[in-house]
Amino acid sequence: GGSNEDGEQVFSDDGSDGSIDEDEAAADDSFDDEAVEREEEERLLKLLAAGKASEPLKQSLAVYWTHGAILQVPQQRDPDPNHIDGIFCRREKGKWKGVGFPGEAMRKFQFGVEVERKGKRLARERNRLGRQIRREIKRSLGKINPTKIRTLLDRAAIVKGSRLALDCHTAELFLTRHLEKDKYARWVQRSVRGLFGRIKAKRRAGMMRAAYFHRIDFERLVAQASVSVVAEALTVGVHRATRHLIRPVRCSARELDGQRVVVSVFSLEHHDYVHHSTPVGREDEGS
């Protein structure tokens with residue numbers, strides 16, 4: 001064991017001697033004055049933050065033992081620079097450094113748990129994407145949504161997976177065939193629509209042509225009928241006007257100069273019509 005200033009042998013609690021390593025002492029002595037002053041300022045600031053400054057010296061009890069003999073000696077030592085009154089332990093510095101932080105084994109265990117959790121989550125995501133892809137490619141031709149299938153394939157490319165890669169390959173082949181079928185179907189639709197459109201246009205053109213010729217025939221018949229109708233109307237009109245003109249306005253039997261005569265009065269209205277004059281009895285009405 002090590003010895004103190006009086007030559008006594010000193011042991012630590014774990015059975016090792018209390019001597020100071022020469023390398024450590026040399027390293028401590030190699031600190032420059034600036035680092036020491038900085039450490040002192042930090043210590044004083046932390047002591048002031050705790051609201052109470054520590055005593056310059058700290059009473060402690062040194063225990064020496066050897067071969068069953070124990071010696072307890074009260075000593076005055078410098079206070080621990082990392083200790084702050086009111087704080088039980090400081091995990092970032094001092095003898096309690098590292099307490100409460102996970103060690104290497106705990107970090108490995110936590111890493112394993114996190115990897116397992118992520119793996120299960122990815123497995124569930126792969127299964128879900130695989131089910132959705134298989135459900136989409138089983139739909140009928142009219143209900144297939146290529147945009148949704150492409151979105152699922154893009155998400156599956158990020159998640160990855162052996163079974164999911166097989167589903168993605170199957171979906172890619174299915175999507176390629178579907179796009180080819182859709183292209184040919186559109187071509188057939190255009191051809192059929194063009195055929196029906198031409199048939200309908202030809203039929204409509206024939207109907208318009210027939211209507212045109214029917215209109216010409218109708219107008220020709222109207223022109224032919226109008227000749228006879230106008231002639232008949234003129235004949236009937238002339239006869240009616242003639243009967244109206246030769247019919248006397250007033251007819252009566254009178255005795256004139258001792259003789260019985262028939263007095264007939266005829267209208268000269270046709271004279272007024274011909275010469276554009278107003279009858280005598282209608283002048284007041286016209287004014």
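Both backbone and side-chain heavy atoms feed into the values below; hydrogens, waters and symmetry mates do not.
The shortest non-hydrogen separation linking C168 to I133 is SG-CD1, 4.2 Å. The two residues A253 and R260 have their closest heavy-atom pair at CB-NH2, 4.2 Å. Residue I70 comes nearest to W65 through the heavy atom pair CG1-CB, 3.7 Å, listed as atom of the first residue, atom of the second, then distance. Smallest separation of non-hydrogen atoms from E255 and G258: OE2-CA, 3.9 Å. Closest heavy-atom contact between V262 and C251: CG1-SG, 3.7 Å. Taking all atoms of both residues into account, the shortest heavy-atom contact from L153 to A171 is CD2-CB, 3.8 Å.
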With salt bridge (Lys or Arg N to Asp or Glu O under 4.0 Å) as the criterion, how do R215 and E219 come out once you've worked through the C-alpha distance, each side chain's angles and the decisive distance to 0.1 Å?
CA-CA 6 Å; R215 181 69 180 180; E219 291 179 355; 3.3 Å; yes
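A salt bridge does not link E180 with R177: none of the charged nitrogens is closer than 4.0 Å to a carboxylate oxygen. For R150 and E172, the salt-bridge test passes: some basic side-chain N is under 4.0 Å from an acidic carboxylate O. Classification of K120 and E116 as a salt-bridged pair holds, one side-chain N sitting under 4.0 Å from a carboxylate O.
No side-chain heavy atom of K148 sits less than 4.5 Å from a side-chain heavy atom of Q132. A heavy-atom distance below 4.5 Å is not found between the side chains of K183 and R186. Residues I144 and I149 have side chains in contact (heavy-atom distance under 4.5 Å, counting atoms from C-beta outward).
Legend: residues meeting salt bridge (Lys or Arg N to Asp or Glu O under 4.0 Å) with R124, ordered by chain and number and at least two apart, are absent.
Interatomic distance, CZ of R155 versus OG1 of T151, reported as 8.5 Å (0.5 Å rounding). In this structure, the separation between NE2 on H178 and NZ on K181 is 9.0 Å, given to the nearest 0.5 Å. How far CG of L71 is from OG1 of T66: 11.5 Å, rounded to the nearest 0.5 Å. In this structure, CD in Q110 is found 12.0 Å from CZ in R117, a value given to the nearest 0.5 Å. For the atom pair L152 CG and R128 CZ, the distance stands at 8.5 Å (nearest 0.5 Å). Taking CD of E125 as the reference point, atom CD1 of I158 lies at 10.0 Å (rounded to 0.5 Å).
N127 places a side-chain N or O within donor-acceptor distance of the main-chain N or O of A123, the cut-off being under 3.5 Å. In this structure a side-chain-to-backbone donor-acceptor pair under 3.5 Å is missing from H169 to A165.
V188 and F196 fall within the same hydrophobic cluster, where Ile, Leu, Val, Met, Phe, Trp and Tyr residues are linked whenever their side-chain heavy atoms come under 4.5 Å apart, directly or through other members. A continuous path of hydrophobic side-chain contacts links W187 to V192 [ILVMFWY only; heavy atoms under 4.5 Å]. Tracing side-chain contacts under 4.5 Å through hydrophobic residues (I, L, V, M, F, W, Y), one reaches V113 starting from M106; they form part of the same cluster. Under a hydrophobic-cluster definition in which Ile, Leu, Val, Met, Phe, Trp and Tyr are linked whenever side-chain heavy atoms come within less than 4.5 Å, directly or via other members, L166 and L122 are assigned to different clusters. Taking hydrophobic clusters as Ile, Leu, Val, Met, Phe, Trp and Tyr residues chained together by side-chain heavy-atom distances below 4.5 Å, L173 does not share a cluster with L164.
Sparse packing is recorded around CZ of R163, with 12 or fewer heavy atoms of other residues, nucleotides or ligands lying under 6.0 Å away. Atom CD of Q259 is surrounded by 12 or fewer heavy atoms from other residues, nucleotides or ligands within 6.0 Å. Under a cut-off of 6.0 angstrom, the local environment of CZ in R193 is crowded, with over 12 non-hydrogen atoms contributed by other residues, nucleotides or ligands.
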